[in-house]
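Below is one structure; the comments refer to it alone.
Bear in mind the structure is a predicted one, so any value in this text is a computation, not a measurement. Heavy-atom basis, side chains included; hydrogens, waters and symmetry copies ignored. One-based numbering, in listed order, for ligands and for the atoms of each.
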Amino acid sequence: MHDAISKLAEVFVQFPGIGKRQAKRFVYFLLAQDASFREDLAKLIRELQNDIASCVQCHRFFVGRKTQSDVCDICSDPARDKTALMIVEKDVDLENIESSGAYNGRYFVLGGTVPVLDEAPEHRVRAKELQERIESDTPKEIILATSAHPEGENTAEYVRTLLAPFQEKHSFSLSLLGRGLSTGTELEYSDADTIKNAFENRSTT
Ligand SMILES: [Zn+2]
């Protein structure tokens, strides 16, 4: 079956946390809407392609093409603390930390996590880009802000091995976001107070 319904359902199945049945429900939901709803959605998806770029420094997605800049507003903000670099798994984590107002340094987005016992971790996260960033930025403090579950811990462990060769050379401190976040909690779902606590209780590793 390769009709438009099945094809679109196959696309939705690739979304995080979406199963086959839910994917089909999305397609039928779209079919039940006005034509203008589907057109607006298609237009928004095209806009993602045309207007959003990945920042060359922190790799977060931002409205780039319109501003004709390849560096995002956080990386180019002179008021941000350039001595601190927080490493997060994904864009939504960065957004959540930003809205908590707890942190005024800069970021690096790994773009993924490393599953336990994974054999090619360098393909799961932006390993080379992170090392390049550390080399050019020489921050004084690096904060690991991965999630408090086994995959998050494993990601932090892998990032530590990536940073190890630079730690002696650039002598930065490496800290881990405090685990005020209870086990299993993802940063994505943490509220502002929890994030503030986790930041204030970060511990040097
Ligand atoms: Zn940036």
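- Ordered by chain and number, C55 SG, C58 SG, C72 SG, C75 SG make up the set of protein N, O or S atoms under 2.8 Å of the Zn ion (ligand 1).
- The two residues K196 and A102 make their nearest non-hydrogen contact at CG-CB, 3.5 Å.
- A donor-acceptor pair under 3.5 Å is formed between the side chain of N104 and the backbone N or O of A79.
- When ring centroids are compared, F26 and F29 stay outside the 6.0 Å threshold.
- With 3.5 Å as the limit, one finds a donor-acceptor pair spanning the side chains of S6 and D3.
- The backbone N or O of G105 lies less than 3.5 Å from a partner atom in the side chain of R80, making a donor-acceptor pair.
- Side-chain contact check for E89 and S147: at least one donor-acceptor pair (N or O, by modelled atom type) lies under 3.5 Å.
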